[in-house]
Amino acid sequence: GENVEQHPSTLSVQEGDSAVIKCTYSDSASNYFPWYKQELGKRPQLIIDIRSNVGEKKDQRIAVTLNKTAKHFSLHITETQPEDSAVYFCAAFLRREKLTFGTGTRLTIIP
Amino acid sequence: GAVVSQHPSWVICKSGTSVKIECRSLDFQATTMFWYRQFPKQSLMLMATSNEGSKATYEQGVEKDKFLINHASLTLSTLTVTSAHPEDSSFYICSARVDRVTSGANVLTFGAGSRLTVL
């Protein structure tokens, strides 16, 4: 099965700085990599995703990069704001069968 | 579009009782739904894949007789925690796979979650 590792587990950055969260996956057949933001007690919300045929995708302050060869993908948040504080999960979707989540990163934006 | 409704949002029950959680796709048909469990400050762990009209597929270590899953229609999957114990207290979240042909949006959309507390 798929195994997704995520780091760091916690990350604090000054407001306005950038935040980077990294994930690795084990199964080269995984072909879809979403990132979710989860606030306390709420459902995960999809913030950006990338498919295996794309190397990079950007949506305003959020970007995701994928290195298929190394089986790495990363989330980049620029110009961070207090409302970006949350837990972020990466995930890998294996052949549309099931989604495996990373262990999560608690991001704190320091005003 | 692609909304998943989950009910109840929270439930408290006595040890030994059973609790049913419902997951409904409101504006689309979901042949496949997934049930996750999330303990405090931890990640979402897949418990089982619910398939409409057939038996659920359980992940290793998840007791199928304890966590009963029924997916009798294209819009409803239920998870029943049988003979609940305090260690079953957790946040249970369902999700549904959205057919990209109809929505073109998220591949997986989540319910709001159900917080179960077993006394």
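Below, chain A is the first sequence line, B the second, and so on; all start at residue 1. Below, all heavy atoms of this structure are taken into account, side chains as well, without hydrogens, waters or symmetry copies.
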For the atom pair [atom1] ([X]) and [atom2] ([Y]), what is the distance rounded to the nearest 0.5 Å?
| X | Y | atom1 | atom2 | result |
| --- | --- | --- | --- | --- |
| A:Phe101 | B:Gln38 | CZ | CD | 8.5 Å |
| A:Glu2 | B:Leu46 | CD | CG | 12.5 Å |
| A:Arg43 | B:Thr109 | CZ | OG1 | 7.0 Å |
| A:Thr10 | B:Lys41 | OG1 | NZ | 11.0 Å |

Give a yes or no on whether [X] atom [atom1] has more than 12 heavy-atom contacts from other residues, nucleotides or ligands under 6.0 Å away.
| X | atom1 | value |
| --- | --- | --- |
| A:Leu40 | CG | no |
| A:Glu79 | CD | no |
| B:His7 | NE2 | no |
| B:Lys66 | NZ | yes |
| A:Gln60 | CD | no |

Which atom names give the shortest non-hydrogen contact between [X] and [Y], and what distance separates them?
| X | Y | answer |
| --- | --- | --- |
| A:Thr103 | B:Ser43 | CA-CB, 3.8 Å |
| B:Phe110 | A:Leu99 | CZ-CD2, 4.5 Å |
| A:Gln38 | B:Phe91 | NE2-CE2, 4.1 Å |

Single-linkage hydrophobic cluster, 4.5 Å side-chain cutoff, A:Val13 and A:Ile21 together: yes

Flag yes if B:Tyr58 and B:Leu79 sit in one hydrophobic cluster, no otherwise; membership is Ile, Leu, Val, Met, Phe, Trp, Tyr, and two members link when side-chain heavy atoms are under 4.5 Å apart.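 Yes, B:Tyr58 connects to B:Leu79 through the hydrophobic network.
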
Between B:Leu108 and A:Tyr36, does the side-chain contact (heavy atoms from CB on, under 4.5 Å) criterion hold? Intermediate values first, please. CA-CA 11 Å; B:Leu108 217 61; A:Tyr36 290 90; 3.7 Å; yes

Among the options A:Pro34, A:Ala91, A:Gly104, A:Gly102, pick out the one with the most heavy-atom pairs lying under 4.5 Å from chain B.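 Max contact count across the listed options: A:Gly102.
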
